[in-house]
Amino acid sequence: MPTSPPRGELDFLKKAENFAELRTRLNSLGLTSDLALLNEYASHIAECWFKLGEQHLTDARAALSAVLVRTVFSRTYYAVYNVSKAVRYMNSGSVSLKGDDHKAAPDLPADFVDVAMWSRIITTLYEHRLRADYDNWLGTASSHTLSPSDAVVYSGDFIREARKHLKVKHGVNV
C-alpha cells in the first residue's frame with residue numbers, strides 16, 4: 001500500500017482540496033521532490049476507497065447467499081460507488097465528501113472502458129439501492145430491473161475494470 005498522509009486521510013483531503021491542482025502548483029514552483037510523496041498520498045486514499053468497495057461486494061455476496069435481496073442491492077451499489085470514487089479521485093484530483101457525491105458516481109472519466117454502459121449500470125444500481133433502502137411498498141420488489149445475482153456480477157465486473165484503469169492510467173495497484 002502507498003504511504004498514508006502523515007495527519008490522516010481526511011485531513012489530507014480537506015487541506016489538499018484538489019491534489020491534481022496542488023501537484024501542478026508544486027511543479028510550477030519547482031518543488032518536484034514533493035510530487036512523488038503527494039502521489040503516494042493520493043494513491044493511498046484511492047486504495048482506501050477501492051478496498052471499501054471490495055468489502056461491500058464481499059458483503060453483497062454473503063447477502064446473496066442468505067437471500068437478503070435488499071442488502072444485496074444496497075451493498076452492490078456501495079461497492080461500485082466507492083470504487084467509482086477512487087477512480088474519479090485519481091482522475092480529477094478531488095471528490096465531494098458530502099452526500100451530493102452520489103450524483104457524481106456515474107461520472108467516470110471518458111477513457112474508462114465502456115464508459116456509457118458503466119455509467120448506466122451505476123445509475124441503475126443506485127436506483128435499486130434507493131428502493132431497497134427506503135421503499136416498502138407492495139410493488140417495490142417487482143420494480144427492480146436487475147436480479148440480485150446480476151447486481152453482484154455487474155459490481156464485480158466494474159471493480160475489475162476499475163482496477164485495470166487505475167493501474168494503467170494512474171499506476172495505482174489495488
Side-chain angles (χ1 to χ4, degrees), residues 1-61 74-126 129-130 151-174:
M1 181 174 240
T3 305
S4 62
R7 293 192 178 134
E9 294 88 357
L10 283 176
D11 192 45
F12 175 80
L13 286 165
K14 289 175 183 173
K15 288 184 177 151
E17 293 181 14
N18 183 312
F19 88 87
E21 291 174 5
L22 178 58
R23 181 176 53 216
T24 300
R25 287 193 306 272
L26 289 172
N27 195 38
S28 71
L29 293 169
L31 301 173
T32 56
S33 63
D34 295 326
L35 297 180
L37 193 54
L38 180 63
N39 287 332
E40 284 281 318
Y41 296 163
S43 294
H44 169 80
I45 288 169
E47 281 192 29
C48 288
W49 275 316
F50 198 94
K51 287 181 180 186
L52 181 58
E54 289 179 314
Q55 290 171 358
H56 287 306
L57 181 56
T58 297
D59 292 346
R61 287 179 174 139
S74 182
R75 296 303 89 192
T76 54
Y77 167 69
Y78 277 106
V80 299
Y81 168 71
N82 282 291
V83 170
S84 163
K85 197 165 196 142
V87 169
R88 291 179 291 115
Y89 180 70
M90 290 306 297
N91 189 64
S92 69
S94 69
V95 290
S96 176
L97 300 177
K98 299 177 181 173
D100 64 341
D101 189 62
H102 289 280
K103 293 176 187 171
D107 298 340
L108 301 167
D111 62 351
F112 195 91
V113 67
D114 296 324
V115 66
M117 178 194 74
W118 286 118
S119 292
R120 279 191 310 275
I121 289 170
I122 291 170
T123 299
T124 300
L125 287 169
Y126 177 66
R129 195 277 299 180
L130 290 174
V152 169
V153 169
Y154 281 132
S155 296
D157 289 348
F158 176 75
I159 288 173
R160 276 188 291 283
E161 292 301 332
R163 177 178 282 113
K164 290 179 206 172
H165 179 84
L166 287 169
K167 169 71 173 159
V168 170
K169 185 169 182 186
H170 302 287
V172 176
N173 293 307
V174 285

Task: OH (Tyr41) with more than 12 external heavy atoms under 6.0 Å - done: yes
Task: Within 6.0 angstrom of Lys169 NZ, more than 12 heavy atoms from elsewhere - done: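 Check passes, neighbour count above 12.
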Tell me if a side-chain donor or acceptor on [X] pairs with a main-chain N or O of [Y] at a distance below 3.5 Å.
{"X": "Arg75", "Y": "His56", "result": "no"}
{"X": "Glu47", "Y": "Val174", "result": "no"}
{"X": "Asn18", "Y": "Ser92", "result": "yes"}
{"X": "Ser84", "Y": "Ala105", "result": "yes"}

Are the side chains of [Y] and [X] in contact, using a 4.5 Å heavy-atom criterion?
{"X": "Asn173", "Y": "Leu166", "value": "no"}
{"X": "Cys48", "Y": "Glu9", "value": "yes"}
{"X": "Val115", "Y": "Pro109", "value": "no"}

If you round to the nearest 0.5 Å, how far is [atom2] of [Y] from [atom1] of [X]?
{"X": "Leu108", "Y": "Met117", "atom1": "CG", "atom2": "CE", "answer": "10.5 Å"}
{"X": "Leu52", "Y": "Tyr78", "atom1": "CG", "atom2": "OH", "answer": "10.5 Å"}
{"X": "Glu161", "Y": "Phe158", "atom1": "CD", "atom2": "CZ", "answer": "9.5 Å"}
{"X": "Leu13", "Y": "Ser96", "atom1": "CG", "atom2": "OG", "answer": "11.0 Å"}
{"X": "Thr76", "Y": "Ile121", "atom1": "OG1", "atom2": "CD1", "answer": "11.5 Å"}
{"X": "Leu29", "Y": "Thr24", "atom1": "CG", "atom2": "OG1", "answer": "11.0 Å"}

Open item on the list: Assess the residue pair Asp157 and Arg160 against the criterion (salt bridge (Lys or Arg N to Asp or Glu O under 4.0 Å)); give the C-alpha distance rounded to whole Å, side-chain angles, the decisive distance to 0.1 Å, and a yes or no.
Closed with: CA-CA 5 Å; Asp157 289 348; Arg160 276 188 291 283; 2.2 Å; yes
- [ ] With side-chain hydrogen bond (donor to acceptor under 3.5 Å, both in side chains) as the test, would you mind laying out the steps for Lys85 and Tyr81 before giving the verdict?
- [x] CA-CA 6 Å; Lys85 197 165 196 142; Tyr81 168 71; 3.0 Å; yes
Might you point out which heavy atoms bring [X] and [Y] nearest each other, and give the distance in Å?
{"X": "Pro5", "Y": "His44", "result": "CD-CD2, 3.6 Å"}
{"X": "Ala162", "Y": "Val87", "result": "CB-CG2, 3.8 Å"}
{"X": "Pro106", "Y": "Ser119", "result": "O-OG, 2.6 Å"}
{"X": "Arg23", "Y": "Asn39", "result": "NH1-OD1, 2.8 Å"}
{"X": "Gly53", "Y": "Val83", "result": "CA-CG2, 4.0 Å"}
{"X": "Leu57", "Y": "Gly156", "result": "CD2-CA, 3.6 Å"}

TODO: Verify side-chain contact (heavy atoms from CB on, under 4.5 Å) between Thr32 and Asn27, making sure each step is shown before the conclusion.
DONE: CA-CA 5 Å; Thr32 56; Asn27 195 38; 3.2 Å; yes
Open item on the list: For a quick check under 3.5 Å, do Asn82 and Lys51 share a side-chain donor-acceptor pair by atom type?
Closed with: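 No, no side-chain donor-acceptor pair sits under 3.5 Å.
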- [ ] Would you check if there is a donor-acceptor pair between the side chains of Tyr77 and His102 at a distance under 3.5 Å?
- [x]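 The criterion, which ignores hydrogens and geometry beyond distance, is satisfied for Tyr77 and His102.
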Open item on the list: Counting the benzene-type ring for Trp, do Phe19 and Phe12 have ring centres under 6.0 Å apart?
Closed with: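 Centroid separation for Phe19 and Phe12: 6.0 Å or greater.
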Open item on the list: Does Arg163 form a salt bridge (Lys or Arg N to Asp or Glu O under 4.0 Å) with Glu54? I'd like the steps, not just the answer.
Closed with: CA-CA 11 Å; Arg163 177 178 282 113; Glu54 289 179 314; 2.2 Å; yes
Open item on the list: Working note: Phe50 + Ile159, criterion side-chain contact (heavy atoms from CB on, under 4.5 Å); need CA distance, chi angles, decisive distance, verdict.
Closed with: CA-CA 8 Å; Phe50 198 94; Ile159 288 173; 3.6 Å; yes
